[in-house]
Amino acid sequence: MELEQLALAVHNGKAKDVEALVKAGLEEGRSAQELLDGGLLVGMSAIGEKFKANEVFVPEVLIAARALNKGTALLKQKLVEEGVEPIGKVVLGTVQGDLHDIGKNLVKMMLEGAGFSVVDLGVDVGPKKFVEAVREHQPQIVAMSALLTTTMGNQRLVVDALREAGLRDQVKIMVGGAPVTQSFSDEIGADGYTPDAASAADLAKTFVA
Ligand code: B1M
């Protein structure tokens, strides 16, 4: 099998092809790392770029992510055996009072597609839970999503709670969601904002580079 075929299968959301190609690659003696970096993540990154450019939309990304997950599930054990480390850890959640999770889930997929491990706290996550998760998981990055003008302010509460807990300087804080802007991010003391999920993964990479 060729790595390009594997990347294309992820890009096109062909989960069964991804499964077959990963199995074939492993049988040919390729490392899990090679299949991940040279195939699966290349395909996911390509779909992310197209999503950013509005050339594909949410359904295509979800289908590609499903195909990616098929591949990573097959590689998981091998990756552990090969000692492959994720490039960083992110604690992610939709803030308190907010139940929207489609965008957050896309951010999660893009982050995982970029090689991060993600601790997903779900929706309606209060400042205390973010603080506890940072203590427990020691991530490099905290990422928050908010879809309502009435909940975006709760991102500030998380920044403040992390500061009060003495954890602010240990993490980079990223914010996003439809009503959020760069100036809002600056105002609440976050480290970065991006308008879409693919650029969120790009920004996260700069934080661990
Ligand atoms: Co609600 N909703 N909703 N809703 N909903 C909106 C957001 C709204 C704009 C609709 C409208 O009135 N036109 C409006 C908000 C108005 C405002 O505050 N300005 C609204 C409202 C008012 C409400 C309720 C209050 C309605 C009611 O009950 N009266 C209620 C609130 C519930 C609550 O949260 N407490 C509510 C409920 C719901 C549903 C449960 C029915 C459902 C959510 C289902 C779910 O998420 N599982 C829902 C939906 C689906 C929407 C719309 C239609 C779509 C949102 C969405 O998923 N978009 C939305 C209207 C719209 O946008 N057309 C609307 C697709 C998603 C991919 O985009 O999440 O923006 P988004 O993510 C983007 C970027 O923002 C970015 O990346 C993604 C793209 O790449 N991004 C990040 C997101 N997080 C990021 C984090 C980052 C970086 C980028 O870094 C960390």
Side-chain angles (χ1 to χ4, degrees), residues 11 13 44-66 68 86-127 129-131 133-134 137 139-162 167-168 170-209:
H11 176 280
M44 196 63 202
S45 156
I47 202 86
E49 288 304 315
K50 288 194 176 170
F51 181 57
K52 236 183 339 189
N54 287 324
E55 288 167 21
V56 299
F57 300 99
V58 173
E60 286 91 338
V61 179
L62 295 178
I63 293 166
R66 195 187 56 187
L68 172 83
I87 63 169
K89 195 186 280 180
V90 182
V91 160
L92 168 72
T94 299
V95 293
Q96 193 155 32
D98 201 321
L99 303 175
H100 296 86
D101 69 356
I102 299 168
K104 170 191 69 70
N105 293 341
L106 283 175
V107 171
K108 179 181 178 184
M109 287 166 197
M110 291 299 175
L111 287 169
E112 288 180 339
F116 285 92
S117 81
V118 179
V119 179
D120 183 359
L121 302 179
V123 296
D124 192 15
V125 184
K129 205 164 166 196
F130 273 104
V131 167
V134 169
H137 300 286
Q140 289 87 357
I141 298 169
V142 170
M144 291 181 267
S145 188
L147 260 286
L148 301 170
T149 43
T150 49
T151 59
M152 61 191 276
N154 294 339
Q155 296 184 327
R156 183 199 299 272
L157 301 183
V158 177
V159 178
D160 292 347
L162 287 168
L167 298 167
R168 175 65 186 93
Q170 285 181 31
V171 289
K172 293 287 186 188
I173 301 178
M174 296 170 49
V175 291
V180 179
T181 59
Q182 181 61 54
S183 67
F184 177 76
S185 164
D186 296 341
E187 188 190 314
I188 65 171
D191 296 300
Y193 153 82
T194 63
D196 61 71
S199 3
D202 292 342
L203 179 65
K205 279 194 266 180
T206 68
F207 288 147
V208 294

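Atoms within a ligand are numbered from 1 in the order they appear, just like the ligands themselves.
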**Item:** 4.0 Å protein heavy-atom contact status of atom 90 (O) of ligand 1, strictly under
**Value:** yes
**Item:** ligand 1 atoms in contact with A178 (distance to a heavy atom under 4.0 Å)
**Value:** 70 (O), 75 (O)
**Prompt:** Can K129 and D124 be counted as an ion pair, charged N to O under 4.0 angstrom?
**Reply:** no
**Asked** Under 4.0 angstrom from ligand 1, any heavy atom of P195?
**Response** yes
**Prompt:** So which heavy atom on V107 is nearest to which on A200, and how close?
**Reply:** CG1-CB, 4.2 Å
**Request:** Would you confirm whether any non-hydrogen atom of the protein falls under 4.0 Å from atom 13 (N) of ligand 1?
**Result:** no
**Fill in**
When distances are taken from atom 82 (C) of ligand 1, the protein heavy atom at minimum range is G177 N, 3.5 Å
**Message:** With nothing but distance in play, are any N or O atoms of A198 less than 3.5 Å from an N or O of ligand 1?
**Reply:** no
**Asked** Is D196 close to ligand 1, meaning an N/O of one under 3.5 Å from an N/O of the other?
**Response** no
**atom 74 (C) of ligand 1: any protein heavy atom closer than 4.0 Å** = yes
**Request:** Could you list which atoms of ligand 1 come closer than 4.0 Å to a heavy atom of M144?
**Result:** 86 (C), 91 (C)
**Prompt:** Are any side-chain N or O atoms of D101 and backbone N or O atoms of K104, one a donor and one an acceptor, separated by less than 3.5 Å?
**Reply:** no
**Prompt:** Counting distance only, does the side-chain N/O of T94 pair as donor-acceptor with the main-chain N or O of H100 below 3.5 Å?
**Reply:** yes
**Message:** For a 4.5 angstrom cut-off between non-hydrogen side-chain atoms, does K50 reach E60?
**Reply:** no
**Asked** Would one find more than 12 heavy atoms of other residues, nucleotides or ligands at under 6.0 Å from atom NZ of K89?
**Response** yes
**For T194, the ligand 1 atoms whose distance to one of its heavy atoms is below 4.0 Å** = 88 (C), 89 (C)
**Message:** Are any of the N/O atoms on S145, whether in the backbone or the side chain, positioned under 3.5 angstrom from an N/O atom of ligand 1?
**Reply:** yes
**Request:** Give the residue and atom name of whichever protein heavy atom lies nearest to atom 18 (O) of ligand 1, and the separation in Å to one decimal.
**Result:** T149 N, 2.9 Å
**Request:** Work out which heavy atom in A114 is nearest to a heavy atom in A201; give both atom names and the distance.
**Result:** CB-CB, 4.1 Å
**Message:** If we count only non-hydrogen protein atoms and require a distance under 4.0 Å, does atom 43 (C) of ligand 1 qualify as touching the protein?
**Reply:** yes
**Message:** A143 versus ligand 1: do any nitrogen or oxygen atoms come within less than 3.5 Å of each other?
**Reply:** no
**Request:** Could you tell me whether atom 26 (C) of ligand 1 has a protein heavy atom closer than 4.0 Å?
**Result:** no
**Item:** Step-by-step side chain to side chain contact (heavy atoms under 4.5 Å, CB included) determination, Q155 to I173
**Value:** CA-CA 10 Å; Q155 296 184 327; I173 301 178; over 6 Å; no
**Request:** Distance to 0.1 Å, residue and atom name: give those for the protein heavy atom nearest to atom 72 (O) of ligand 1.
**Result:** G103 CA, 3.3 Å
**Request:** Pick out which of V118, V119, V90, V171 makes a side chain to side chain contact (heavy atoms under 4.5 Å, CB included) with P139.
**Result:** V171
**Message:** With side chain to side chain contact (heavy atoms under 4.5 Å, CB included) as the criterion, how do L92 and I141 come out once you've worked through the C-alpha distance, each side chain's angles and the decisive distance to 0.1 Å?
**Reply:** CA-CA 8 Å; L92 168 72; I141 298 169; over 6 Å; no
**Item:** Per-atom contacts of ligand 1 with G97, taking only distances under 4.0 Å to non-hydrogen atoms
**Value:** 33 (C), 34 (O), 35 (N)
**Prompt:** Under 2.8 Å from atom 1 (Co) of ligand 1, which protein N/O/S atoms are there?
**Reply:** H100 NE2
**Asked** Are any of the protein's heavy atoms under 4.0 angstrom from atom 48 (C) of ligand 1, yes or no?
**Response** yes
**Item:** Heavy-atom protein contact below 4.0 Å for atom 58 (N) of ligand 1
**Value:** no
**Request:** Mark up the atoms of ligand 1 that fall under 4.0 Å of a heavy atom belonging to F51, in ascending order.
**Result:** 79 (C), 80 (O)
**Request:** Enumerate the atoms of ligand 1 whose separation from the nearest heavy atom of V175 is less than 4.0 angstrom.
**Result:** 87 (C), 90 (O), 91 (C)
**Asked** Heavy atoms, side chains only, cut-off 4.5 Å: are V61 and M44 in contact?
**Response** yes
**Prompt:** Can you name the nearest heavy-atom pair linking V95 to A146, along with the distance?
**Reply:** CG2-CB, 3.7 Å
**Complete:** Residue, atom and distance of the protein heavy atom nearest atom 67 (C) of ligand 1 read L106 CD1, 3.5 Å
**Asked** What part of D98, side chain, backbone, both or neither, has a heavy atom within less than 4.0 angstrom of ligand 1?
**Response** both
**Asked** What pairs with E49 under salt bridge (charged side-chain N to carboxylate O under 4.0 Å, His left out), at least two apart in sequence or on another chain?
**Response** K52
**Prompt:** Of all the non-hydrogen atoms in the protein, which one sits nearest to atom 87 (C) of ligand 1, and at what distance?
**Reply:** G176 CA, 3.4 Å
**Request:** Answer yes or no for Y193: is there a heavy-atom contact with ligand 1 below 4.0 Å?
**Result:** no
**Prompt:** Is the shortest distance from a heavy atom of P179 to ligand 1 less than 4.0 Å?
**Reply:** no
**Identity and distance of the protein heavy atom lying nearest atom 77 (O) of ligand 1** = A197 N, 3.3 Å
**Asked** If every non-hydrogen atom of G122 is compared with every non-hydrogen atom of D120, which pair is closest and at what distance?
**Response** N-OD1, 2.9 Å
**Item:** N154 and T151 side chains, donor-acceptor separation under 3.5 Å
**Value:** no
**Request:** Looking only at protein heavy atoms, identify the closest one to atom 65 (C) of ligand 1 and say how far it is in Å.
**Result:** I102 CG2, 4.3 Å
**Asked** Does the pair V158 and M144 meet the rule for a side chain to side chain contact (heavy atoms under 4.5 Å, CB included), with working shown?
**Response** CA-CA 9 Å; V158 177; M144 291 181 267; 3.5 Å; yes
**Request:** Give the atoms of ligand 1, by number and element, whose distance to some non-hydrogen atom of D101 is under 4.0 Å.
**Result:** 45 (C), 46 (O), 47 (N)
**Item:** Stepwise side chain to side chain contact (heavy atoms under 4.5 Å, CB included) test for I188 and M152
**Value:** CA-CA 10 Å; I188 65 171; M152 61 191 276; over 6 Å; no
**Prompt:** For the side chain of D98 and the backbone of L147, is there at least one donor-acceptor N/O pair under 3.5 Å apart?
**Reply:** yes
**Gap separating the CD1 atom of I47 from the CD atom of E55, nearest 0.5 angstrom** = 9.5 Å
**Message:** When you compare the side chain of T181 with that of D186, does any pair of heavy atoms fall below 4.5 Å?
**Reply:** no
**Prompt:** atom 62 (O) of ligand 1: protein heavy atom closer than 4.0 Å?
**Reply:** no
**Request:** Decide yes or no for M109 and L62: does some side-chain heavy atom of the first lie under 4.5 Å from some side-chain heavy atom of the second?
**Result:** yes
